[in-house]
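Data block below; observations after.
Here is how names work: the chains are called A, B, and so on, in the same order as the sequence lines, proteins then strands, and each is numbered from 1.
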There are 2 protein chains.
Amino acid sequence: MLQQSGSHSCQSCQVRHLSILSRMSTERLGQIAQDFNPSVITFGGQDTIYYQGDSARYAYTVRSGFVKLLSILPNGRTHIVRVLHTGDLLGFEGIVGGKYAHTAMALTKVDVCRFALSELMALKQNYAEVDGMLTQRWIQSLTKAEDMLVELGAKKTGERLGAFLVRWCESAPKGIEGWVPLPLSRAEVGELLGMTVETVSRALSEWKRQGLFQERGGFIRLPDVERLCATVCNISRSEVLNVG
Amino acid sequence: MLQQSGSHSCQSCQVRHLSILSRMSTERLGQIAQDFNPSVITFGGQDTIYYQGDSARYAYTVRSGFVKLLSILPNGRTHIVRVLHTGDLLGFEGIVGGKYAHTAMALTKVDVCRFALSELMALKQNYAEVDGMLTQRWIQSLTKAEDMLVELGAKKTGERLGAFLVRWCESAPKGIEGWVPLPLSRAEVGELLGMTVETVSRALSEWKRQGLFQERGGFIRLPDVERLCATVCNISRSEVLNVG
DNA sequence: CGTTTTCTTGAATCAACTCAATACGAGTGG
DNA sequence: CCACTCGTATTGAGTTGATTCAAGAAAACG
């Protein structure tokens with residue numbers, strides 16, 4: 001499934017406040033209309049948005065749904081590098097080296113806004129607001145990647161899974177009554193956190209039994225975050241997340 | 001040990017070609033002299049350049065020597081996030097959030113060029129060459145961090161160590177006859193790759209016996225990279241433990 | 001409804017860790 | 001120069017956390 005619904009107007013975009021254009025005034029937005037021609041495209045779950053190594057012509061912003069970025073090793077193993085949702089930018093790394101660094105795959109039905117990298121670069125040069133947002137995004141992605149690196153390098157499986165769940169529930173778009181969508185299979189969680197399906201399943205089952213974790217049709221809930229953190233490594237929430 | 005040798009001239013800088021100013025013409029360089037006032041500072045091995053969480057006023061470029069960036073977890077464990085050498089930029093993340101994300105520590109005697117973040121940001125705004133270089137650096141660090149993430153998430157200890165050695169020998173400044181400086185203790189290699197001192201030591205000793213790895217006073221050499229890779233990827237128990 | 005995929009659970013195995021002891025090397029001071 | 005220390009590296013033995021292999025149970029799908 002792949003559906004293209006033509007060019008949209010940035011002015012009327014519902015998720016612009018989450019995008020790299022969030023700092024732009026409405027009048028400035030009008031100016032860019034001629035040089036910036038994004039398309040809105042819809043992908044179905046499991047669809048590939050682009051492939052690792054493909055020559056990169058476009059970058060994308062997620063309008064709705066979830067996307068995973070994965071790195072495929074020569075030996076066939078795959079690792080999920082990042083999971084993206086509304087407002088996140090992907091494919092931008094193409095401006096250095098000209099190739100996509102990962103394969104981007106839709107985890108759910110996904111709406112993206114697609115635009116040429118060349119147009120984005122022009123925008124960055126001519127509009128300080130865009131340049132500032134891009135800078136901010138990179139530093140944030142770098143910080144996030146490095147945080148993950150520390151997770152993988154210095155923590156045990158249980159701690160990693162616990163920290164992941166807590167962070168996910170805090171950052172993902174919330175549903176009702178604390179139920180948060182988690183469009184990842186056990187296997188995918190494993191690929192993200194560097195552990196096997198079985199290990200993920202065992203830990204989640206155990207926490208379910210202890211009333212620390214609930215799940216219903218693709219949504220999850222953590223009834224007692226403090227206690228989960230304590231159980232996982234006998235430390236507080238802030239320590240699990242490594243925040244001051 | 002900390003020694004400040006006052007402001008230097010970018011024009012006469014020996015390592016400018018490796019820095020974020022590499023793309024600037026000599027005449028353009030003259031223009032920035034009034035607004036850009038870097039200092040050259042020397043640190044001794046083990047000195048801390050800045051601390052994780054400190055409010056960030058400066059960024060630095062490594063002129064010579066090696067620097068480690070480390071993340072310290074609440075439970076006391078530390079993880080080395082990156083090792084930097086000549087030409088690398090550090091501390092730049094301070095422009096978002098205003099704090100350093102890591103502790104930067106000198107592994108050897110180190111010369112850095114220090115400049116105010118505010119000055120760097122002004123430079124970035126006024127000179128497209130600098131902006132371009134920063135962008136490039138940023139994407140490269142992100143790509144590197146994500147590569148490391150995959151290493152930690154999807155590979156076993158031997159594979160990680162092997163890959164690290166090969167990469168190090170390819171990217172570090174070379175000495176004579178293939179001897180490359182490695183200013184990291186076994187413990188530090190472990191902190192970088194998420195394994196214990198003992199595991200690092202065991203693998204290196206084994207490879208030494210097999211003639212795949214040599215070491216002399218802080219310098220290392222890989223006589224047969226191909227065979228090392230072959231050995232590392234066939235993770236047979238008898239080979240690793242040398243039994244049978 | 002059966003079929004397929006995903007999830008769970010158990011048992012056995014193994015890689016990597018911890019603990020512990022020894023060896024090496026650099027530096028210090030008698 | 002040797003004995004002493006201190007930090008680092010090596011090596012061994014035992015333990016354990018996580019994996020692999022395998023078999024059921026539960027969802028999801030057409």
Sorted by number, the residues of residues 191-202 of chain A with heavy-atom contact under 4.0 Å to DNA chain D:
A/G194, A/M195, A/T196, A/E198, A/T199, A/R202
Please enumerate all protein N or O atoms sitting under 3.5 Å from an N or O of nucleotides 5-8 of chain D, with distances to 0.1 Å.
none

Using rotation axes that map the C1' atoms of four end pairs onto the next four (five pairs an end), what angle separates the end axes of the helix from C/dT8-D/dA23 to C/dG30-D/dC1, to 10°?
30°
Side chain proximity check, B/L165 to B/L222, heavy atoms < 4.5 angstrom:
yes
Closest-nucleotide 5' rank along DNA chain D - winner of A/T157 and A/G218
A/T157
Is the number of heavy atoms from other residues, nucleotides or ligands within 6.0 Å of [atom1] ([X]) greater than 12?
X	atom1	value
B/Q140	CD	yes
A/K208	NZ	yes
A/R227	CZ	yes

Identify whether the distance between the nearest side-chain nitrogen and carboxylate oxygen of [X] and [Y] falls below 4.0 Å.
X	Y	result
A/R82	B/E146	yes
B/R209	B/E206	yes
B/K144	A/E93	no
B/E151	B/R167	yes

Rounded off to whole Å, could you give me the [atom1]-to-[atom2] distance for the [X] and [N] pair?
X	N	atom1	atom2	answer
A/E206	C/dG10	CD	P	11 Å
A/L182	C/dC7	CG	C1'	14 Å
B/K155	C/dA15	NZ	P	18 Å
B/L152	C/dA15	CG	C1'	16 Å
B/R216	C/dA26	CZ	P	14 Å
A/F213	C/dC7	CZ	P	11 Å

Any chance you could lay out the salt bridge (Lys or Arg N to Asp or Glu O under 4.0 Å) test for A/E177 and A/R216, step after step, and finish with the verdict?
CA-CA 13 Å; A/E177 284 186 46; A/R216 256 168 41 188; over 6 Å; no
Geometric class of the B/Y100/B/Y60 ring pair [parallel <30°, tilted 30-60°, perpendicular >60°]:
tilted
Describe, in one word, how the ring planes of A/W168 and A/H85 are oriented to each other, choosing from parallel (under 30°), tilted (30 to 60°) and perpendicular (over 60°).
perpendicular
Under 4.0 Å, heavy atoms only, any strand: does B/R160 hit a base, just the sugar-phosphate, or nothing?
nothing
Let me spell it out: for each of A/K156 and A/E215, pick the nucleotide of DNA chain C with the closest heavy atom. Which residue's pick is nearer the 5' end?
A/E215
